[in-house]
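Here, residue 1 is the first one in the sequence, and each next residue gets the next number. Side chains are part of it too, since the values below use all heavy atoms of this structure and drop only hydrogens, waters and symmetry mates.
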Amino acid sequence: MGVVVNLEGSKRGQASIAELIALTSADMGRVNELILSKAGSDVEMIPEVANHLISSGGKRLRPMLTLAAAQMFGYRGEGHVKLATSVEFMHTATLLHDDVVDESDLRRGKKTARMIWGNQASVLVGDFLLGQAFRMMVEVGSLDALDILSAAASIIAEGEVMQLAAAKNLETTEDEHFAVIKAKTAALFSAAAEVGPVIAGASRNDRSALRSYGMNLGLAFQLIDDALDYGGSSKDLGKNVGDDFREGKVTLPVILAYRRGTAAERKFWKAAIEENQTDDAALEKAIGLMRKHSAISDTIGRAGHFGGIARDALAPLDETPQKAALLDVIDFCISRVA
């Protein structure tokens, strides 16, 4: 059953990343070629599993951030293509690992790799992609870029463990949830944006601006994903609507609805999240309670707050087509709830 609701009057104008796609299209062509090349292996199952996810229709937003950020500061060379590919491989590896941890059946509307090849293959192919990512980082020859991306890999893993430790814990605070999504999602957005100016030899201030932009964009992106799970569509979300609820994930809409609820409502949440009482009727009730307490609209509001910080981070930089495209990305990420 797919429950689709109007996200509490949060419709926005249709935003687009068309300009970002246009600016990076030539470089993304080279990234896509490199992805196919580096996902290859004499071990037959590796390209099968990797290509299943790589070819499944993701927008490849993170590598486009790397490419646009490098262009923004006049980079000329090949390094940004390898770093962008590394970023995409890191992202793909985390998806393979996430689906195993979360026991997910669908990813971008298709069966997850673990459902076809099993958990072991998904984990090991994810490890292979991480190894290939680090090989490409080394080939670029920038210690700063290697430091940024390797640190992000460690932070992402920490975020996964933090989320696991907090699983089904309804006493999770908003700050604790932000710490998890900052590590799990925003760290890679931040690293993807920062390595562009790094290899372009941009100033420390420029690096800081792109790092802050990426971090806050990533926070906004994940909060919108949190909201979409209770009011999007499977097509837009890339997984089943209500999956977070069925998996007992304590995301921001749950945190807000639980904390604002009555004693009886909190009892419902405990039964649902802690005791796995998450059938379709429970999902309907959960969405009703979220609407009652403005939990979804406030989650979107928090996303807008971080989007504003991302916008301000770029404000002092020179006006370029790449800057305009990166600003469009903020509106696009938040407008997914429209």
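Asp328 places none of its side-chain heavy atoms less than 4.5 Å from the side chain of Ile17. Annotation: side chain of Leu34 is not in contact with side chain of Glu88 (no heavy-atom distance under 4.5 Å). Here the side chains of Val195 and Met137 are not in contact, with every heavy-atom distance at 4.5 Å or above. Counting only heavy atoms from C-beta outward, the side chains of His177 and Val250 never approach each other to under 4.5 Å. Residues Asp331 and Arg311 are in side-chain contact: their nearest non-hydrogen atoms beyond the backbone lie under 4.5 Å apart. Contact annotation: the side chain of Met90 never approaches that of Arg62 to less than 4.5 Å [non-hydrogen atoms, C-beta and beyond]. Within the 4.5 Å cutoff, the side chain of Gln322 has no heavy atoms near those of the Leu67 side chain. Counting heavy atoms from C-beta outward, Leu130 and His97 have side chains that approach closer than 4.5 Å.
Distance check: Thr112 OG1 to Leu95 CG gives 11.0 Å after rounding to the nearest 0.5 Å. Note that CD1 of Ile296 and CD1 of Ile224 are 11.0 Å apart. Values are rounded to the nearest 0.5 Å.
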So Leu61 and Leu20, side chain to side chain contact (heavy atoms under 4.5 Å, CB included) or not? Walk me through it. CA-CA 9 Å; Leu61 180 58; Leu20 179 70; 3.8 Å; yes

Go through the steps for Asp206 and Ser203 under the test side-chain hydrogen bond (donor to acceptor under 3.5 Å, both in side chains), then give the verdict. CA-CA 5 Å; Asp206 291 336; Ser203 71; 3.2 Å; yes

Begin from the C-alpha positions of Arg259 and Glu174 and carry the test salt bridge (Lys or Arg N to Asp or Glu O under 4.0 Å) through to its verdict. CA-CA 10 Å; Arg259 289 184 170 272; Glu174 193 167 338; over 6 Å; no

Run the side chain to side chain contact (heavy atoms under 4.5 Å, CB included) check on Val254 and Tyr230 step by step: do they pass? CA-CA 10 Å; Val254 174; Tyr230 293 96; 3.4 Å; yes

Applying side chain to side chain contact (heavy atoms under 4.5 Å, CB included) to Ile309 and Asp312, what does each step give before you reach the verdict? CA-CA 5 Å; Ile309 298 174; Asp312 288 341; 5.7 Å; no

Pair Val140, Ser86 - check side chain to side chain contact (heavy atoms under 4.5 Å, CB included), show working. CA-CA 11 Å; Val140 172; Ser86 297; over 6 Å; no

Test Glu265 against Lys292 for salt bridge (Lys or Arg N to Asp or Glu O under 4.0 Å), laying out the working first. CA-CA 11 Å; Glu265 290 167 357; Lys292 174 184 174 182; 2.5 Å; yes

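Residues passing the ring pair (Phe, Tyr, Trp, His ring centres under 6.0 Å) test with Phe128, sequence neighbours excluded: none. Shown here are the side-chain hydrogen bond (donor to acceptor under 3.5 Å, both in side chains) partners of Lys111, two or more places apart in sequence or in another chain: there are none. Partners of Glu139 by side-chain hydrogen bond (donor to acceptor under 3.5 Å, both in side chains), not counting sequence neighbours, listed by chain and number: Lys82.
Using a 4.5 Å cut-off between side-chain heavy atoms of Ile, Leu, Val, Met, Phe, Trp and Tyr, with links allowed through other members, Phe89 and Val31 fall into the same hydrophobic cluster. Cluster membership check: Ile334 shares its hydrophobic cluster with Met64, using side-chain heavy-atom separations under 4.5 Å among Ile, Leu, Val, Met, Phe, Trp and Tyr. There is no path of hydrophobic side-chain contacts, each under 4.5 Å, that joins Ile181 to Ile156. One hydrophobic cluster holds both Ile21 and Ile54 under the rule that ILVMFWY side chains link at heavy-atom gaps under 4.5 Å. Under the 4.5 Å side-chain heavy-atom criterion for ILVMFWY residues, no single connected hydrophobic cluster contains both Leu210 and Tyr75.
The closest donor-acceptor contact from the side chain of Lys168 to the backbone of Glu274 lies at 3.5 Å or more, if one exists at all. In terms of modelled atom types and a separation under 3.5 Å, the side chain of Thr173 and the main chain of Glu176 share a donor-acceptor contact. A donor-acceptor pair is defined here as one N or O able to donate and one able to accept, closer than 3.5 Å; no such pair exists between the side chain of Thr66 and the backbone of Leu83. In terms of modelled atom types and a separation under 3.5 Å, the side chain of Gln132 and the main chain of Leu129 share no donor-acceptor contact. Side chain of Lys182 to main chain of Met215: no donor-acceptor pair is present (N/O by atom type, distance under 3.5 Å, no hydrogens or angles). Looking at Ser212, its side chain never comes within 3.5 Å of a backbone N or O of Ser208 through a donor-acceptor pair. Distance alone, capped at 3.5 Å, is enough to place a donor-acceptor pair between the Asp229 side chain and the Asp244 backbone.
Looking at Gln71 and His80, their side chains never bring a donor and an acceptor atom within 3.5 Å of each other. Under the 3.5 Å distance criterion, with hydrogens and angles disregarded, no donor-acceptor pair is assigned to the side chains of Asn119 and Ser122. Under the 3.5 Å distance criterion, with hydrogens and angles disregarded, no donor-acceptor pair is assigned to the side chains of Asp298 and His293. In this model, a donor atom of one side chain and an acceptor atom of the other lie less than 3.5 Å apart for Arg60 and Asn32.
Classification of Arg336 and Asp225 as a salt-bridged pair holds, one side-chain N sitting under 4.0 Å from a carboxylate O. Electrostatic pairing of Asp226 and Arg302 does not count as a salt bridge here, judged by no charged N lying under 4.0 Å from a carboxylate O. With respect to Asp279 and Lys285, no salt bridge is recorded, no charged nitrogen being found less than 4.0 Å from a carboxylate O.
The minimum heavy-atom distance between Ala69 and Ala193, with the atom names listed, is CB-O, 3.4 Å. Across every non-hydrogen atom of Ala183 and Gly159, the tightest pair is CB-CA, 3.6 Å. When all heavy atoms of Val198 and Ser142 are compared, the closest pair comes out as CG1-OG, 3.8 Å. The minimum heavy-atom distance linking Leu314 with Ala209 is given by the pair CD2-O, 4.3 Å. When every heavy atom of Gly79 is checked against every heavy atom of Ile199, the shortest pair comes out as C-CD1, 3.8 Å.
For residues 298-317, the set of pairs meeting the ring pair (Phe, Tyr, Trp, His ring centres under 6.0 Å) definition, not counting sequence neighbours, comprises Phe178-Phe306. For residues 183-197, the set of pairs meeting the side chain to side chain donor-acceptor pair (under 3.5 Å) definition, not counting sequence neighbours, comprises Gln163-Lys184, Thr185-Gln222, Glu194-Arg207, Glu194-Arg211. Residue pairs that meet the ring pair (Phe, Tyr, Trp, His ring centres under 6.0 Å) test with at least one member in residues 246-287, sequence neighbours left out, do not exist here. Screening residues 22-49 for ring pair (Phe, Tyr, Trp, His ring centres under 6.0 Å), with sequence neighbours left out, gives no hits. Applying the ring pair (Phe, Tyr, Trp, His ring centres under 6.0 Å) rule to pairs touching residues 202-226 yields Phe189-Phe221, sequence neighbours excluded.
Hydrophobic cluster membership for Leu164: Val101 (Ile, Leu, Val, Met, Phe, Trp, Tyr linked by side-chain heavy atoms under 4.5 Å, directly or transitively). Using a 4.5 Å cut-off between side-chain heavy atoms of Ile, Leu, Val, Met, Phe, Trp and Tyr, Leu23 forms no hydrophobic cluster with any other residue. Through chains of ILVMFWY side-chain contacts below 4.5 Å, Val100 is grouped with Val123.
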Donor-acceptor pairs are to be reported for all side-chain atoms of residues 40-49 against protein atoms at under 3.5 Å, with residues two or more places apart or in another chain.
unit_1 : atom_1 : unit_2 : atom_2 : d
Ser41  : OG     : Val43  : N      : 3.0
Glu48  : OE1    : Trp117 : NE1    : 3.4

